[in-house]
Amino acid sequence: MFWGSLIMGCKVVRTVLLAVGLLNLYFYDVSVAFGFKRFRHPSKAHKAVVIQSEGWAQQRAGSPQSVSAQCTETEVIVSISSDLFGIRHPIQPSDLTLGGCGVTSQVSAPPTFVIEAPLQGCDSNVTMFTDEIVYNFTLEYNPSSIPGIPIMRTNPAVVQIECHYPRNHNVSSNALNPTWVPYTSTISAEDILGFSLDIMNSDWSGPSSTNTFYLGDLINLQASVDNTNHVPLRIFVDNCIASPASDGSAPTYMFIGNHGCFTDAQLTNSSSQFITPRVASSTLQFELDAFRFFDVPTSSIFITCNLTVTLASQSIDSLNKACSYIPGLSMWTSVDGSDWVCNCCDTNCVAGLPGRKKAGKRKQRPRRSALTIPAEWEKTLVVGPLFLKRKPRPVVVEHLAAAEDQQSGSSVLVLGSVLGILALAASTFLGFFLYRKQISN
């Protein structure tokens, strides 16, 4: 009797659970059919920060009255006032971009332009800290010329927008250790890598507080990857391209190429180089000799770098290397000590790979990740804009030198005048003496 009642109860519970599951599935299908969407509320834990740049126009463009942002779980929503500078001159929506992404919608009252961008799109830069993850976006306003009118009443502006998210750590003193871990969970956790590319200050102690440099300066750049939840990794800078525009439009200059060859020193006899030794396998630092593009009116430069990682235990090879050129010795050196991997920097570092066919129909070369690393272990990041200026001339020194020359000239003039007066007086006295002597005779 007892066992019969227990079996009957289990059947009832199973029937109820099955009915609840079918009802949930039904209501989900109905919601999808009628297009119901979950409203995305910005969480209090998702913080949006709008960073003002120096200068009146830049600060006005980054003020709360002009630009605001909301960070959701999947995207950033940026609202820009049509009167961006507060001078009663409305801007055009086509002149606004967020990392290359344009305006997605407009609001009539008050006139506002809206850009919705995914967190991992629109040239976003991801930086991982101890307690938070920060997504950085660059909002640019580049006024276009009015057809037939050779004037413009607004200046370009750049506003940095950041989305801050708390970084969760699974820590518990009474944690239960599972007897197995799903394979898919392990793969997804290991595939999430936090790449970063930062402009550093002069002593490499932290990010640079300025993005303005002068010709002759060395720009410190640091590429790194977060090793959390991973075996030790080694990072490389596969290639870097500089451009005066954020979209990488011409003209462009590749100063690192051929899978980690720092070619700028070889091409221009500059001081550009990778820093030796590494501070860690997950960090690679390098110095770039500052430059400007010829015959380009803007002084801004954007740097786009493709970063890759391998296992730290993996040997260095021609595709995974960091090589600097020494102009005085006309030779290549490796940051990791294996200089022989740099021998291909003067040729093609892919052509000599084993397994390539020397004859027959030529096939399209596979991506670098297909040859050496998973696709998730590489990332393209952009830093900028960097503003390059000519060093100011030493006007004060020139003025002092001119004053000294003028004072020296005045002294010579006075001395000449005194000598002339003395000579005139001597000649007059001599003439008077001869005249008196003639009269006395």
Side-chain angles (χ1 to χ4, degrees), residues 49-51 53 58 62 69 75-76 78 96-102 115 117-129 133-142 156-164 193-200 207-213 219-226 235-257 259-260 262 264 272 283-288 290-293 296 298-309 368-369 375-388:
V49 178
V50 178
I51 302 175
S53 302
Q58 302 290 340
E75 64 182 0
V76 59
V78 183
L96 291 169
T97 56
L98 186 69
C101 300
I115 301 179
L119 292 178
Q120 297 184 0
C122 299
D123 285 341
S124 65
N125 185 12
V126 184
T127 305
M128 302 185 69
F129 298 96
I133 302 175
V134 179
Y135 291 84
N136 181 274
F137 296 85
T138 300
L139 175 65
E140 292 184 277
Y141 169 66
N142 294 304
V158 177
V159 179
Q160 299 294 329
I161 298 174
E162 295 181 349
C163 285
H164 294 246
L193 295 178
F195 289 90
S196 63
L197 180 64
D198 301 297
I199 306 171
M200 306 297 289
S208 175
S209 60
T210 178
N211 61 346
T212 300
F213 298 90
I219 304 173
N220 293 341
L221 296 165
Q222 177 174 289
S224 59
V225 62
D226 185 14
I235 191 168
F236 299 94
V237 179
D238 191 71
N239 61 75
C240 282
I241 298 176
S243 172
S246 60
D247 57 0
S249 57
T252 60
Y253 173 58
M254 178 178 288
F255 55 89
I256 297 178
H259 303 291
F262 210 145
D264 181 62
S272 300
T283 301
L284 182 60
Q285 300 171 333
F286 54 103
E287 295 175 329
L288 176 64
F291 63 88
R292 291 183 62 179
F293 283 95
V296 174
T298 178
S299 63
S300 63
I301 289 181
F302 292 83
I303 296 177
T304 303
C305 294
N306 184 41
L307 310 180
T308 61
V309 294
R368 180 180 187 275
S369 57
E376 297 82 4
W377 285 20
E378 61 181 335
K379 180 75 172 181
T380 300
L381 298 179
V382 180
V383 294
L386 307 180
F387 296 98
L388 281 301

| Yes or no on side chain to side chain contact (heavy atoms under 4.5 Å, CB included) for T127 and N136, after CA distance, side-chain angles and deciding distance? | CA-CA 8 Å; T127 305; N136 181 274; 5.9 Å; no
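- Side-chain contact between S299 and R292 is present, with heavy atoms from C-beta onward closer than 4.5 Å.
- Closest approach of L197 to L381, counting heavy atoms only: N-CD1, 3.6 Å.
- Side chains of L284 and Q222 form no contact here, defined as non-hydrogen atoms less than 4.5 Å apart.
- Pairing each heavy atom of F291 with each of A242, the nearest pair is CZ-CB, 3.6 Å.
- Looking at heavy atoms from C-beta onward, V309 lies in side-chain contact with F195 at the 4.5 angstrom threshold.
- Here S243 contributes atom OG and I301 contributes atom CD1; the two are 9.0 Å apart, rounded to the nearest 0.5 Å.
- A heavy-atom distance below 4.5 Å is found between the side chains of Y135 and Q120.
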| Going through the checks in order, is the side chain to side chain contact (heavy atoms under 4.5 Å, CB included) test met by V49 and H164? | CA-CA 8 Å; V49 178; H164 294 246; 3.8 Å; yes
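- Side-chain contact annotation: Q160 with T138, donor-acceptor N/O pair under 3.5 Å present.
- At a threshold of 4.5 Å between non-hydrogen side-chain atoms, the residues I115 and L139 count as touching.
- Across all non-hydrogen atoms, the minimal contact from F137 to S124 is CE2-CB, 3.5 Å.
- Atoms CZ and NE2, from F236 and H259 in turn, are 12.5 Å apart once rounded to the nearest 0.5 Å.
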| field | side chain to side chain contact (heavy atoms under 4.5 Å, CB included) evaluation trace for F213 with L386 | value | CA-CA 7 Å; F213 298 90; L386 307 180; 4.1 Å; yes
| field | V159 and V50: CA distance, side-chain angles, deciding distance, side chain to side chain contact (heavy atoms under 4.5 Å, CB included) verdict | value | CA-CA 7 Å; V159 179; V50 178; 3.5 Å; yes
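- Note that CD1 of I133 and SG of C163 are 12.0 Å apart. Values are rounded to the nearest 0.5 Å.
- At least one side-chain heavy atom of I161 sits under 4.5 Å from a side-chain heavy atom of V78.
- Taking every heavy atom of both residues into account, P385 and S300 meet most closely at CB-CB, 4.0 Å.
- Expressed to the nearest 0.5 Å, how far OG1 of T304 lies from CG of D123 amounts to 7.0 Å.
- Separation of atoms SG (C240) and CG (D264) is listed at 11.0 Å; rounding is to 0.5 Å.
- Side chain to side chain, D238 and T308 fail the donor-acceptor criterion of an N or O pair below 3.5 Å.
- Listed for the T97 side chain is no donor-acceptor partner under 3.5 Å among the backbone atoms of G99.
- Rounding to the nearest 0.5 angstrom, the gap separating the CZ atom in F129 from the CG atom in D226 is 11.0 Å.
- Side-chain atoms of M200 and L221, non-hydrogen and from C-beta on, never get closer than 4.5 Å to each other.
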| field | From CA spacing to verdict: side chain to side chain donor-acceptor pair (under 3.5 Å), S196, S224 | value | CA-CA 5 Å; S196 63; S224 59; 2.6 Å; yes
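- F387 is not listed as a side-chain neighbour of T210, based on a closest heavy-atom distance of 4.5 Å or more.
- Aromatic ring pairs are classed by plane angle as parallel below 30°, tilted from 30° to 60° and perpendicular above 60°; the pair F255 and F286 is tilted.
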